[in-house]
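Each remark here refers to the structure printed beneath this line.
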Amino acid sequence: MDIPFVNGSSKYLNHPVLPQPQVNGDQQQDPHTSADSLSSLAYALRPKRIILVRHGQSEGNVDESAYTRIPDSKIALTEEGWNQAISCGKKMRAMIESDEGDDWKVYFYVSPYKRTLQTLRGIGLAFERERIAGVREEPRLREQDFGNFQDREKMRVEKAVRLRYGRFFYRFPNGESAADVYDRITGFRETLRADIDVGRFQRPEARVKNMNLVLVSHGLTLRVFLMRWYKWTVQQFEGLWNFGNTGMMVMELGPGGRYSLSMHHTHDELRAFGMTEDMIADQEWQKLAKPGELNYDWLTSGSSFFTHFDDLEKGINVEEIPPDIVRSSLESGLHHPRGFEM
């Protein structure tokens, strides 16, 4: 059976593990898990929110030399970071309690890094034991790998090179690029969607109407998660700003059954995050759209990749070589080996 307290919530939140109900062959199958009922229950089982939280202020945030002597996974929160986590938990609870009704819980997915686990504990102080449906440690939510112990000066050079090369594709030596993070987040997203569809974070006998999933992770990882979920382009990703420490982005369920950032955040807040007007318009569409529907007016649906439609209407010769195409070697001065074809 699937147990919502994966690894035991007490390991993270200092709460004892609750006894689990026993299942044997004589018990009837839970009707909520039958194939016929899954589709009808899909919307009812969807969490009201997916709340993305960056860890609190860490040693590495205030002293980059910490990475030269402490493994990234063992970087701890500062006192300020701990206080930020406690405050974040209180704000999160206030947001959830602003809903009508008292039938709510939270379920956490957390990066296994020390600073995220500590942030989780601080957030957890705002919730009683019965409010916490469970915790799952998820290695795919870890920070982008920058490569073991880091040389401070070399890392400054690498980050400067990354700005020239492109933040999404640049891979740190012995580490990862944001594109690598995208690949593992894709796997996590599929796990999360499956968990949502079957209500795996809720026991059949104790389901609540207002479930809130919380992802406690790292700045770039969370931006990549949003990029993957909403199918943002690389260019759109590179325009986003990092979360502040314990900053939250809230994906809230719209009446159609999809998650939208604009259900909770104002347009000004989304602009401050780096989202373009097209991205914000899509979030407005997500509010009312149903699962499976496509936004054919959305930037990434196809037409935005082509320029000749508008050019034809303007009478522009679409067969002319565009200015961003490399000219032949005779025109540009580039030399290619004999027999090389452009």
Side-chain angles (χ1 to χ4, degrees), residues 1-20 47 49-56 58-60 70-77 81-82 84-86 88-89 92 105-146 176 180-203 211-226 228-229 243 245-249 251:
M1 64 174 292
D2 290 307
I3 301 174
F5 283 85
V6 178
N7 295 324
S9 64
S10 60
K11 175 179 177 181
Y12 306 102
L13 300 171
N14 298 324
H15 297 312
V17 179
L18 299 180
Q20 303 298 326
R49 300 180 183 86
I50 303 175
I51 305 170
L52 313 184
V53 182
R54 186 188 174 200
H55 61 81
S58 71
E59 296 174 274
I70 306 172
D72 194 1
S73 62
K74 296 182 180 179
I75 294 287
L77 292 184
W82 175 250
Q84 288 173 339
I86 294 173
C88 179
M92 189 182 299
K105 289 187 178 181
V106 290
Y107 187 101
F108 295 95
Y109 293 84
V110 60
S111 158
Y113 279 29
K114 186 174 184 177
R115 56 188 179 273
T116 43
L117 292 171
Q118 290 174 329
T119 300
L120 172 70
R121 294 210 316 269
I123 291 173
L125 294 177
F127 302 99
E128 298 85 7
R129 182 185 300 125
E130 60 270 17
R131 293 295 189 183
I132 300 171
V135 177
R136 178 174 297 178
E137 183 176 285
E138 179 50 76
R140 289 172 292 184
L141 287 177
R142 69 187 184 273
E143 174 67 286
Q144 176 184 8
D145 269 326
F146 294 102
E176 289 182 306
D180 295 322
V181 178
Y182 183 96
D183 291 341
R184 59 174 156 90
I185 284 296
T186 295
F188 169 71
R189 173 183 175 272
E190 297 311 308
T191 299
L192 181 63
R193 286 173 64 93
D195 286 353
I196 289 174
D197 287 343
V198 302
R200 186 164 288 135
F201 38 79
Q202 299 201 62
R203 294 193 189 97
M211 176 59 71
N212 297 267
L213 301 189
V214 183
L215 278 54
V216 185
S217 184
H218 309 264
L220 180 135
T221 306
L222 293 174
R223 297 199 308 277
V224 169
F225 175 85
L226 289 169
R228 180 64 185 87
W229 188 281
F243 290 44
N245 290 120
T246 63
M248 291 191 295
M249 289 294 289
M251 303 163 59

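If you read the sequence from its start, that first residue is 1, and numbering goes on from there. Keep in mind the model is a prediction, meaning the values are calculated, not measured.
Between Arg140 and Glu138 there is a salt bridge, with a side-chain nitrogen of the basic residue lying less than 4.0 Å from a carboxylate oxygen of the acidic one. With respect to Arg142 and Glu176, a salt bridge is recorded, a charged nitrogen being found less than 4.0 Å from a carboxylate O.
Taking the side chain as every heavy atom from C-beta outward, Leu125 and Ile123 never approach each other to under 4.5 Å. Residues Val106 and Met211 form no side-chain contact, since every pair of their non-hydrogen atoms from C-beta on lies 4.5 Å or further apart. Taking the side chain as every heavy atom from C-beta outward, Phe108 and Leu213 never approach each other to under 4.5 Å. Inter-residue side-chain proximity for Leu117 and Glu137 is flagged as met; some heavy-atom pair is nearer than 4.5 Å. Looking at heavy atoms from C-beta onward, Val224 lies in side-chain contact with Leu220 at the 4.5 angstrom threshold.
With hydrogens and angles left out, the side-chain atoms of His55 and Ser217 include no donor and acceptor closer than 3.5 Å.
Phe201 and Tyr107 have tilted rings, their planes meeting at an angle from 30° to 60° on a 0 to 90° scale. Between Phe188 and Tyr109, the angle of the ring planes goes over 60°, which puts this pair in the perpendicular group of the 30/60° scheme.
The CD1 atom of Ile86 sits 10.5 Å away from the CZ atom of Arg121 when rounded to the nearest 0.5 Å. One finds the CZ atom of Arg189 at 4.5 Å from the CZ atom of Arg228 (value rounded to the nearest 0.5 Å). In this structure, CD on Glu190 lies 11.5 Å from CD1 on Ile185, to the nearest 0.5 angstrom. Between atom OG1 of residue Thr116 and atom CG of residue Leu215 there is a gap of 11.5 Å, rounded to the nearest 0.5 Å. To the nearest 0.5 Å, atoms OG (Ser111) and CG (Leu120) are separated by 10.5 Å. Between the CD1 atom of Ile70 and the NZ atom of Lys114 there is a distance of 8.0 Å, given to the nearest 0.5 Å.
Tyr182 meets the ring-ring contact (aromatic ring centres under 6.0 Å, His included) test with no other residue; sequence neighbours excluded. For Arg54, there are no salt bridge (charged side-chain N to carboxylate O under 4.0 Å, His left out) partners at least two apart in sequence or on another chain. Arg131 meets the salt bridge (charged side-chain N to carboxylate O under 4.0 Å, His left out) test with Asp102; sequence neighbours excluded.
Taking every heavy atom of both residues into account, Thr246 and Val53 meet most closely at CA-CG1, 4.2 Å. Closest non-hydrogen pair, Pro139 versus Pro112, comes out as CA-CD, 3.7 Å. Here the shortest heavy-atom pairing between Asp72 and Tyr113 reads O-CD2, 3.7 Å. Taking all atoms of both residues into account, the shortest heavy-atom contact from Met92 to Met248 is CE-SD, 3.9 Å.
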field: Evaluation steps, side-chain contact (heavy atoms from CB on, under 4.5 Å), between Val110 and Arg136
entry: CA-CA 6 Å; Val110 60; Arg136 178 174 297 178; over 6 Å; no

Audit row: Val181, Asp183, side-chain contact (heavy atoms from CB on, under 4.5 Å) steps and yes/no: CA-CA 5 Å; Val181 178; Asp183 291 341; over 6 Å; no

task: Could you check Ile50 against Ile196 for side-chain contact (heavy atoms from CB on, under 4.5 Å), going step by step and ending with a plain yes or no?
output: CA-CA 10 Å; Ile50 303 175; Ile196 289 174; 4.0 Å; yes

- request: Using the side-chain contact (heavy atoms from CB on, under 4.5 Å) rule, take Trp229 and Leu192 through it: C-alpha gap first, then chi angles, then the decisive distance, then the call.
  value: CA-CA 11 Å; Trp229 188 281; Leu192 181 63; 4.1 Å; yes

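Under the 3.5 Å distance criterion, the side-chain polar atoms of Ser58 are left unmatched by any main-chain donor or acceptor of Ile75. Proximity of a side-chain donor or acceptor of Glu59 to a complementary backbone N or O of Ala76 within less than 3.5 Å is detected. A distance-only check finds a donor-acceptor pair linking the side chain of Thr119 to the backbone of Arg115 [under 3.5 Å].
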